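Computed from a predicted model, the values in this text were never measured in an experiment. All values below come from the heavy atoms of this structure, side chains included, with hydrogens, waters and symmetry mates left out.
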Amino acid sequence: MKNRKKGIFISIISIIYFSFSGMAQTGFHHWEMMIEANQNWRYFEGTQEPPANWREILFNDNSWNTGPAGIGYGDGDDSTIISPVNSLYMRRVFTISNPSDLLGALLYIDYDDAFVAYLNGIEIARSNIGVPGIIPLFDTYADNNTHEAQMYQGGKPEGFLLYQDEIDTILVQGNNVLA
């Protein structure tokens with residue numbers, strides 16, 4: 001039986017995108033933070049499987065709880081405190097005016113012990129849990145429980161780069177969801 005550590009902590013989940021609108025010569029115009037660390041998220045405590053389409057844009061999350069990130073067990077680095085569960089499902093809707101203007105995107109995430117990130121239902125990043133492309137069940141443990149959130153200790157969150165060809169096939173004009 002695996003040891004259950006703290007299990008969940010999400011401190012910052014941000015998408016920063018780079019625009020090249022109007023800058024054909026240099027390729028880079030500016031960056032924008034689409035989701036900030038302390039914004040409110042919809043979340044579902046994983047005591048059972050969430051609906052299968054929870055990662056999709058059109059999923060109705062109105063019945064889910066709402067709270068600012070970090071979400072965790074109240075160990076000194078959480079804005080939203082939850083009961084101990086093995087998994088936490090989070091969603092944040094954001095708007096993109098013109099996805100074709102994007103050169104790339106960065107996902108920064110600070111977590112304890114593992115995560116899988118989806119953009120409009122497509123897996124874009126994961127760490128310390130399962131096999132890429134396989135959706136973990138609500139009661140799936142992290143591969144190991146040694147990853148600790150870094151920011152509250154003065155460290156940096158992990159970064160994951162999304163290239164233009166990736167985001168061109170995932171992002172849409174209007175509402176998008178990071179889950």
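Hydrophobic clustering (ILVMFWY, side-chain heavy atoms < 4.5 Å, transitive): I122 and V172 are in distinct clusters. By the criterion of side-chain heavy atoms lying less than 4.5 angstrom apart, applied directly or through intervening Ile, Leu, Val, Met, Phe, Trp or Tyr residues, V116 is not grouped with L178; the two fall into different hydrophobic clusters. At a threshold of 4.5 Å between side-chain heavy atoms, the hydrophobic network of Ile, Leu, Val, Met, Phe, Trp and Tyr places Y43 and F138 in two separate groups. In this structure, Y118 is not a member of the same hydrophobic cluster as I124, with clusters built from ILVMFWY side-chain heavy atoms closer than 4.5 Å.
Considering every non-hydrogen atom in both Y73 and P84, the closest pair reads CE2-CA, 3.3 Å. Nearest approach of Q164 to L103, heavy atoms of both residues: CB-O, 3.1 Å. Looking at every heavy atom in both residues, P157 comes nearest to I109 through CB-O, 3.5 Å. When all heavy atoms of M90 and W64 are compared, the pair lying nearest together is N-CZ3, 4.4 Å. In this structure, A142 and D113 approach most closely via the heavy-atom pair CB-CB, 3.8 Å. Across all their heavy atoms, N128 and H147 have their closest contact at ND2-CB, 4.3 Å.
Contact annotation: the side chain of V85 never approaches that of F44 to less than 4.5 Å [non-hydrogen atoms, C-beta and beyond]. For the pair I170/L162, no side-chain contact is recorded, criterion being any heavy-atom separation below 4.5 Å from C-beta on.
By the side-chain hydrogen bond (donor to acceptor under 3.5 Å, both in side chains) test, R126 pairs with E123, sequence neighbours left out.
Interatomic distance, L58 CG to N120 CG, rounded to the nearest 0.5 Å: 9.5 Å. The CG atom of N176 sits 5.0 Å away from atom CG of L171, with the distance rounded to the nearest 0.5 Å. L88 contributes atom CG, which lies 4.5 Å from atom CD1 of I82 (distance to the nearest 0.5 angstrom). Between E148 atom CD and Y111 atom OH the span is 11.0 Å, to the nearest 0.5 Å. Between atom CD1 of residue I135 and atom CD1 of residue I129 there is a gap of 12.0 Å, rounded to the nearest 0.5 Å. In this structure, CD on E45 lies 6.0 Å from CG on N65, to the nearest 0.5 angstrom.
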- Query: Given the rule in the side-chain contact (heavy atoms from CB on, under 4.5 Å) test, do I96 and M34 qualify, once you have shown the distances and angles that lead to the verdict?
  - Reply: CA-CA 9 Å; I96 297 286; M34 297 308 299; 3.9 Å; yes
- Task: Please test N62 against R42 for side-chain contact (heavy atoms from CB on, under 4.5 Å), starting from the C-alpha separation and ending with a verdict.
- Result: CA-CA 8 Å; N62 287 335; R42 294 286 188 163; 3.5 Å; yes
- Item | Steps toward side-chain contact (heavy atoms from CB on, under 4.5 Å) verdict (T80, W41) | CA-CA 10 Å; T80 300; W41 286 74; over 6 Å; no
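In the model, D139 has no side-chain atom that pairs as donor or acceptor with a side-chain atom of N86 under 3.5 Å.
Centroid-to-centroid, the aromatic rings of F160 and F115 come within less than 6.0 Å. Outside the 6.0 Å centre-distance limit, the rings of F59 and W54 are not counted as a close aromatic pair.
No donor-acceptor pair under 3.5 Å is formed between the side chain of D110 and the backbone N or O of E158.
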